[in-house]
Amino acid sequence: MAYGEHNYRVAVAWTGNRGTGTSGYSQYGREYTISANGKPDIPGSSDPAFRGDASRWNPEDLLVAAASACHKLWYLHLCAEAGVRVVAYVDDAHGTMLDGPTGGKLTHIELRPRVTIKAGDDLALARSLHHAAHDKCYIANSVNFPITCEPVIESAHG
């Protein structure tokens, strides 16, 4: 593992100018494109509750996805080191945001991974490694609200 400073550079380009810029709250689109060198673009917008396009990723979706992906990557790493053979992993993550007159904030993310491990591998160890993954997750360590994990661990048949 490479320790030290790591830098991430992305470009976020607003694409919602409908010809008059931000001449009025309802006059501009919330669309944007996230890009980074050598990676596919990500189409973004605001949440539909804030005049956004529901077919595009919003910042809140991306933060929930980042928390889920970071946890999963640490979990797989720890399982590989511990000899737990994961054969499938799907997370149905959920984020909650409260919005008010002075702004909004995410208040909680719940990760709900469904993990299948190779038959005969240690189910209790597989379950406990979620705690270690949470402790190591860079995203969980960077936010000021709780991220909880309610995993379901299953043994593969055969």
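Because the structure is a prediction, the values reported are computed rather than measured.
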Partners of Glu5 by side-chain contact (heavy atoms from CB on, under 4.5 Å), sequence neighbours excluded? Asn7
Is Leu76 close to Lys72 at the side-chain level, that is, under 4.5 Å between some pair of heavy atoms? yes
What salt bridge (charged side-chain N to carboxylate O under 4.0 Å, His left out) pairs are there with at least one residue in residues 138-157, not counting sequence neighbours? Arg114-Glu154
Considering only distance and modelled atom types, tabulate donor-acceptor pairs under 3.5 Å from the side chains of residues 98-107, sequence neighbours left out.
residue	atom	partner	partner atom	Å
Thr107	OG1	Thr96	O	3.3

Sorted by first residue and then second, give each side chain to side chain donor-acceptor pair (under 3.5 Å) pair with at least one member in residues 57-69; sequence neighbours left out. Asn58-Asp61, Ser68-Asp91
Test of understanding: with ring pair (Phe, Tyr, Trp, His ring centres under 6.0 Å), list the residues that count as partners of Phe50, not counting sequence neighbours. none
If you group Ile, Leu, Val, Met, Phe, Trp and Tyr whenever their side-chain heavy atoms sit less than 4.5 Å apart, what else falls in with Tyr8? none
Qualifying side chain to side chain donor-acceptor pair (under 3.5 Å) pairs, either residue in residues 12-29, two or more places apart: Thr20-Ser23, Tyr28-Arg30
Between Ala36 and Val10, what is the shortest heavy-atom contact and its length? CB-CG1, 4.3 Å
If we only count heavy atoms from C-beta on, is the Val152 to Val115 side-chain gap below 4.5 Å? no
Can you list every salt bridge (charged side-chain N to carboxylate O under 4.0 Å, His left out) pair that touches residues 32-50, not counting sequence neighbours? none
Sequence neighbours left out, what pairs pass ring pair (Phe, Tyr, Trp, His ring centres under 6.0 Å) with at least one residue falling in residues 85-105? Tyr75-Tyr89
With sequence neighbours excluded, give me every side chain to side chain donor-acceptor pair (under 3.5 Å) pair touching residues 123-136. His71-His130
Ala67: what forms a side-chain contact (heavy atoms from CB on, under 4.5 Å) with it, not counting sequence neighbours? Ile109, Ile139, Ile147
For Thr148, check side-chain hydrogen bond (donor to acceptor under 3.5 Å, both in side chains) against everything at least two apart and list the hits. His108
